[in-house]
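Starting from 1, each residue takes its place in the sequence as its number. Side-chain atoms are counted along with the backbone in the values below, which use heavy atoms only and exclude waters and symmetry mates.
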Amino acid sequence: METQELHRGRLIDHVHLVVRDLPASRRFYQAVFDALGVPIGGEGDDFFWADEVFVSSADSKAALGELTGRHHLAFQARDRAAVEAFHQAALAAGGRDNGAPGLRPYHPGYYAAFALDPDGNNIEAVYHGAAERSAESVEIRF
């Protein structure tokens with residue numbers, strides 16, 4: 001098998017989702033982020049954010065009154081148990097099943113689960129298998 005090298009944190013700075021029902025989305029994302037060990041970074045009356053994901057209501061200043069279309073977001077999981085916890089938490093928090101935890105044919109060791117959030121976005125948690133990371137994360141200081 002050929003060695004694969006993946007680079008993370010170089011292309012996407014952040015993703016903005018504009019949602020119909022902010023409290024429903026907040027419950028959903030709080031549950032899946034808790035399962036993945038990602039804290040909510042901040043929130044206000046019409047938004048919340050965690051890591052590179054910013055979620056707001058349509059009436060927020062940033063949204064300009066428009067909902068975003070359907071997206072697929074894949075979150076990294078630390079292991080298979082985190083993928084399974086993500087899926088269970090997503091369904092318990094109002095998400096709809098879009099693929100139970102299991103191996104996928106994308107590459108050997110690709111273990112993932114999928115859930116639709118309250119707005120129909122396809123949210124995935126993926127564990128790529130045992131791998132060595134050069135760093136836990138990229139730290140940016142201003």
Side-chain angles (χ1 to χ4, degrees), residues 3-142:
T3 301
Q4 227 180 2
E5 185 174 339
L6 301 173
H7 296 274
R8 297 289 186 245
R10 297 189 320 167
L11 179 61
I12 302 297
D13 184 79
H14 66 277
V15 174
H16 181 187
L17 296 176
V18 182
V19 300
R20 259 186 291 286
D21 184 342
L22 189 65
S25 290
R26 177 69 165 80
R27 283 189 299 277
F28 175 86
Y29 285 100
Q30 178 74 60
V32 300
F33 290 150
D34 283 351
L36 295 173
V38 177
I40 296 293
E43 64 185 307
D45 292 338
D46 56 5
F47 72 92
F48 66 90
W49 63 271
D51 210 1
E52 291 92 3
V53 176
F54 182 84
V55 180
S56 75
S57 60
D59 60 354
S60 71
K61 186 176 180 180
L64 303 174
E66 296 290 329
L67 297 173
T68 49
R70 187 172 188 267
H71 294 292
H72 174 180
L73 301 179
F75 301 138
Q76 295 180 50
R78 69 186 164 280
D79 53 29
R80 286 183 175 198
V83 171
E84 292 161 7
F86 155 87
H87 192 254
Q88 184 176 22
L91 300 184
R96 291 177 289 143
D97 179 37
N98 201 32
L103 288 168
R104 301 298 194 268
Y106 311 130
H107 67 68
Y110 194 110
Y111 190 83
F114 301 84
L116 300 178
D117 77 2
D119 284 86
N121 293 298
N122 185 25
I123 308 302
E124 173 185 1
V126 58
Y127 173 61
H128 288 283
E132 186 177 319
R133 289 180 176 254
S134 62
E136 184 63 27
S137 65
V138 175
E139 186 175 340
I140 301 171
R141 295 184 182 146
F142 294 94

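- Counting heavy atoms from C-beta outward, V32 and D117 have side chains that stay 4.5 Å or more apart.
- Between K61 and D46 the shortest side-chain heavy-atom distance does not fall below 4.5 Å.
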(request) Decide side chain to side chain contact (heavy atoms under 4.5 Å, CB included) for R80 and L103; before the verdict, give the C-alpha distance in whole Å, the side-chain angles of both, and the deciding distance to 0.1 Å. (result) CA-CA 10 Å; R80 286 183 175 198; L103 288 168; 3.2 Å; yes
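- Heavy-atom contacts from other residues, nucleotides or ligands closer than 6.0 Å to CD of Q30 number more than 12.
- Using cut-offs of 30° and 60° for the angle between ring planes, the F54 and F47 rings count as parallel.
- A 4.5 Å side-chain heavy-atom check between V126 and Y106 finds every atom pair outside the cut-off.
- For A113 against F86, the heavy-atom pair with the smallest separation is O-CE2, 3.6 Å.
- Proximity of F33 to D51: side-chain heavy atoms (C-beta onward) are nowhere separated by under 4.5 Å.
- Ring geometry for Y110 versus H107: interplanar angle over 60°, hence perpendicular rather than tilted (30 to 60°).
- For Y111 and E84, the side-chain atoms include at least one donor-acceptor pair closer than 3.5 Å.
- Across every non-hydrogen atom of E66 and V18, the tightest pair is O-CG1, 3.0 Å.
- Scanning all heavy atoms of the two residues, the minimum distance from P39 to A50 falls at O-CB, 3.5 Å.
- Closest non-hydrogen pair, A82 versus A77, comes out as CB-CB, 3.9 Å.
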(message) Using the rule given for side chain to side chain contact (heavy atoms under 4.5 Å, CB included), can you reason through L17 versus Y29, listing the C-alpha separation, both sets of side-chain angles and the distance that settles it, and then say yes or no?
(response) CA-CA 12 Å; L17 296 176; Y29 285 100; 3.5 Å; yes
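- Donor-acceptor pairing under 3.5 Å is recorded for the side chains of H16 and S56.
- By the 4.5 Å heavy-atom criterion applied to side chains, V19 and L67 are not counted as neighbours.
- Under a 3.5 Å cut-off, the side chain of D119 and the backbone N or O of R20 do form a donor-acceptor pair.
- In this structure, R70 contributes its side chain and G120 its backbone to a donor-acceptor pair below 3.5 Å.
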(request) Apply side chain to side chain contact (heavy atoms under 4.5 Å, CB included) to L116 and N122, showing your working. (result) CA-CA 5 Å; L116 300 178; N122 185 25; 4.1 Å; yes
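- Taking CZ of R27 as the start and CG of D21 as the end, the distance is 6.5 Å to the nearest 0.5 Å.
- Each of E124, R96, H87 was checked for a side-chain contact (heavy atoms from CB on, under 4.5 Å) with F114, and the lone residue meeting it is E124.
- Contact between A35 and A89 at its shortest, heavy atoms only, is CB-CB, 4.1 Å.
- Contact detail for P101 and V83: the closest heavy-atom pair is CB-CG1, 4.3 Å.
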